[in-house]
Amino acid sequence: MIEMFDVWKTYANGTNALKGVSVKIDKGEFVYVVGPSGAGKSTFIKLMYREEKPTKGQIFLGGFNISKIKERQIPIVRRSIGVVFQDFKLLPTLTVYENVAFAMEVIETPTKLIKPRVMDVLGLVKLKHKAKMLPNELSGGEQQRVALARALVNNPGIIIADEPTGNLDPDTSWEIMKLFDEINNNGTTVVMATHNREIVNSMRRRVIAIEGGEIVRDELRGEYGYED
Amino acid sequence: MKIRTLGRHVREGAKNLGRNGWMTFASVSAVSITLLILGVFLILALNVNHIAQTVEKQVEIRVFLDVLADKTIATQVQDQIEANPKVDTVTFISKEEGLEQLKKRFGQNAKLLEGLEDDNPLPDTLVVKAKVPSETASIAKEVKGLEHVEDVSYGEGTVEKLFTATAAIRNVGIIFIVGLAFTAMFLIANTIRLTIMARRREIEIMKLVGATNWFIRWPFFVEGLLMGSIGALIPIVILTGGYYYLVDKVNTSMTVVFFSLLPMNPLSYQVALILISIGAFIGIWGSMISVRRFLRV
Ligand SMILES: Nc1ncnc2c1ncn2[C@@H]1O[C@H](COP(=O)(O)OP(=O)(O)OP(=O)(O)O)[C@@H](O)[C@H]1O
Ligand SMILES: [Mg+2]
């Protein structure tokens, strides 16, 4: 599903964010990416949805060599990935329903397919009853559920998340994490960078630890392993 | 592109105008104000050009044939001059007609000219008009070299000064209008850039979920087109109204007879077309260059 071969990332200012990362993530896996601040987790995530290009090395994702693809193919790759962020990235002027439908509209889904599908995913994240509300009328956890619904609505094979619980309190974080687990149980691959020690330790999923731009640990039923 | 998608882009572009109400207002005002100034200068320049043309058209060459020239020779010379591609019209005025015209001009004192009929001292004359008035001098020079041409007269000196003046007025007008058009473009592009800056998040999300660059661009294209066109409509209404009033005042006023303003039709249509085109062009151009910055991966 996702494979990296000796991937390096040097930013324009000379920072070496990743130094020779090789990894293989199979279809249907649930992977936590952990590590101290500045280790290169976000960079690792960004390379996967082609927000950044590797300086060196190859990245394969769902049949594409995304280190080689042309600019105009990026949208095609993005359609097979759902992305979730710490800051939700919802459009404040659109309702919950519109925020989710937006993701279907912009890839030119036939209109009559949009409504049933949006209502489906809103059902999945338990927000059907708030479909007409604006993001600022929702709690942080609810906003993240909308973002998750948007990431899921086009049926991507992979969900990538960069600290999705970073802005949420422990209870709400658990709620979101359960949703990710449910999505993963339905067959979607999940890759999540996180600082949430408690969750990583109790879920016991695959853990990839990055330090100083290198993978220092990769365990199938891993633990968080840091005391931050 | 599917029709449904095109419809979506147009709807979305129009909706965005409303959603970004204040920014739209700022952009449309910027377009309106600059196009209004541009329009005023355009109308001014076109009219100055028109007046210059009217004056220039009055320039003609009088070709005096020698006394020996008879009707056949006069026709020959006329044909020769007409063969010159720079020449527009040649009119023959016989010495008799010349005398008649002179008498008319003398009016009451025409008696002074009596008796001249039998021994008419006037030469046969050809009146030549150039296709391009500024070619007058060079035509006169060529005609002067022809056989049976005694002399030519076209107000040498004065005519050259007139042409230098009208050329200067035209050049200054063109420079002014081009300069103004560029100022308008940058002003508008900047305003539109601000409206797009405010929407970078929207673009970012569209890209995240896999929208193509053109899908993202189209609503901005429509928006720029609409802003530019709406921005042009306001000065068009003001200018057309104002000019209608002005033409009415000037062209019917008896005190100003030595020139007339260009008529409403077609001037108002021409100016409207120019302003709409410029407005639409800078609207589209402004939003396209601004959105481009956010499309880079
Ligand atoms: N756009 C950029 N330009 C230059 N340097 C960058 C850029 N993005 C990240 N870096 C640098 O690359 C390194 C890795 O950053 P990254 O964001 O991947 O870390 P992280 O593991 O996600 O950290 P955190 O846990 O704080 O989110 C850091 O030293 C960071 O300063
Ligand atoms: Mg990070």
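Just so it is clear, the structure is predicted and the values come from calculations on it, not from any experiment.
Taken from CD1 in I205(B) to CZ in F85(A), the straight-line distance is 9.0 Å, to the nearest 0.5 Å. Distance CG/L208(B) to CZ/R79(A): 13.0 Å, rounded to 0.5 Å. The OG1 atom of T5(B) lies 4.0 Å from the CD atom of E108(A); values are rounded to the nearest 0.5 Å.
With a threshold of 4.5 angstrom between heavy atoms, E12(B) does not approach chain A through any atom at all. Within the 4.5 angstrom heavy-atom criterion, atoms from both the backbone and the side chain of T111(A) approach chain B. Using a 4.5 Å cut-off between heavy atoms, N99(A) does not touch chain B at all.
Side-chain atoms of R78(A) do not come within 3.5 Å of backbone N or O of A211(B) as any donor-acceptor pair.
Taking a 6.0 Å sphere around OH of Y11(A), one finds it holds more than 12 heavy atoms contributed by other residues, nucleotides or ligands. By the neighbour-count criterion of 12 heavy atoms within 6.0 Å, atom NZ of K131(B) is densely surrounded, having more than that number from other residues, nucleotides or ligands. Counting heavy-atom neighbours within 6.0 Å of K86(B) NZ, excluding the residue itself, gives a total above 12. Within a 6.0 Å sphere centred on CZ of F176(B), heavy atoms belonging to other residues, nucleotides or ligands number 12 at most.
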Could you walk me through whether R201(B) and L90(A) pass side chain to side chain contact (heavy atoms under 4.5 Å, CB included), step by step? CA-CA 8 Å; R201(B) 165 147 290 206; L90(A) 299 176; over 6 Å; no

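Options S80(A), P110(A), P92(A) differ in how many heavy-atom pairs under 4.5 Å they form with chain B, and the most are formed by P110(A).
Residues T212(B) and P75(A) approach most closely at CA-CG, 3.9 Å, considering heavy atoms. For V209(B) against V106(A), the heavy-atom pair with the smallest separation is CG2-CG2, 3.3 Å.
Between L94(A) and E202(B), the closest side-chain pair of non-hydrogen atoms is not below 4.5 Å. You'll find the side chain of I107(A) stays beyond 4.5 Å of the side chain of F215(B), heavy atoms only. Counting only heavy atoms from C-beta outward, the side chains of K207(B) and I74(A) never approach each other to under 4.5 Å.
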